[in-house]
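Order of listing sets the numbers, starting from 1, for every ligand and every atom in it.
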Amino acid sequence: MTQNIYDNPAFFEGYATLDRSIKGLDGAPEWSSMQKLLPPLKGKTVVDLGCGYGWFCRYARDQGAANVLGLDVSVKMLEKAQEMTTGAGIEYRREDLEQLQLEAQSVDLFYSSLALHYLENIPALFATLYQTLVPGGMLVFSAEHPIYTAPLQQGWLSDQNGQKSWPVNHYQQ
Ligand SMILES: C[S@@+](CC[C@H](N)C(=O)[O-])C[C@H]1O[C@@H](n2cnc3c(N)ncnc32)[C@H](O)[C@@H]1O
């Protein structure tokens with residue numbers, strides 16, 4: 001079954017304290033690199049995979065995208081996105097990216113930041129995205145580095161001097 005940790009109230013509250021939640025795209029360390037990869041958005045049909053609070057959806061609309069669709073599996077994230085969005089031009093929809101089906105050749109740009117590492121079946125999603133993109137369309141994405149996601153038990157260790165380390169195992173997998 002697909003994980004949906006962002007609907008866990010404690011996790012959701014913790015996430016709200018992160019810079020990316022408070023400051024938006026400028027608080028997201030990957031944004032300046034991702035922004036450089038983006039094509040011009042004016043008139044484009046854009047889909048944000050795992051849109052969270054919808055920061056990128058609003059950016060794309062403000063850059064003149066014709067249609068913006070924000071997809072997320074978390075009801076709480078989508079409620080927050082809707083609450084933070086005024087005006088027209090963006091649709092938020094609950095979708096599990098593991099099951100995504102979209103109309104063929106209907107999207108100019110898929111954008112996704114720090115969401116795809118949650119998925120079990122990336123090849124199935126990429127096949128869908130390939131079918132859904134118009135010729136010359138793009139997928140621009142970031143994913144969390146496996147140094148964080150590989151360990152079976154994720155958490156800091158502290159030694160007797162308070163020196164912290166992050167143990168990594170299962171990296172090859
Ligand atoms: C770290 S947050 C990033 C949110 C947003 N992209 C950003 O950069 O601010 C990861 C998001 O991916 C969503 N997500 C994780 N697994 C998903 C899935 N299977 N289908 C749809 N969304 C998913 C989560 O609910 C969460 O909103």
Gln101 vs Thr128, side-chain hydrogen bond (donor to acceptor under 3.5 Å, both in side chains): CA-CA, chis, key distance, verdict: CA-CA 7 Å; Gln101 301 282 325; Thr128 300; 5.2 Å; no

Step-by-step side-chain hydrogen bond (donor to acceptor under 3.5 Å, both in side chains) determination, Tyr118 to Thr149: CA-CA 9 Å; Tyr118 285 104; Thr149 54; over 6 Å; no

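- At a threshold of 4.5 Å between non-hydrogen side-chain atoms, the residues Arg20 and Tyr15 count as touching.
- Other cluster members for Leu133: Val47, Leu49, Leu69, Leu71, Leu97, Leu100, Leu102, Val107, Phe110, Leu116, Leu119, Ile122, Leu125, Phe126, Leu129, Leu139, Phe141, joined by side-chain heavy-atom distances under 4.5 Å among Ile, Leu, Val, Met, Phe, Trp and Tyr.
- Aromatic ring centres of Phe56 and Tyr111: separated by under 6.0 Å.
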Worked check of salt bridge (Lys or Arg N to Asp or Glu O under 4.0 Å) between Lys76 and Glu13: CA-CA 10 Å; Lys76 281 176 150 321; Glu13 270 175 40; over 6 Å; no

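- A heavy-atom cutoff of 4.0 Å around ligand 1 is satisfied by the protein residues Thr2, Gln3, Tyr6, Tyr15, Arg20, Gly50, Cys51, Gly52, Asp72, Val73, Ser74, Met77, Glu95, Asp96, Leu97, Ser113, Leu114, Ala115, Tyr118, Leu119.
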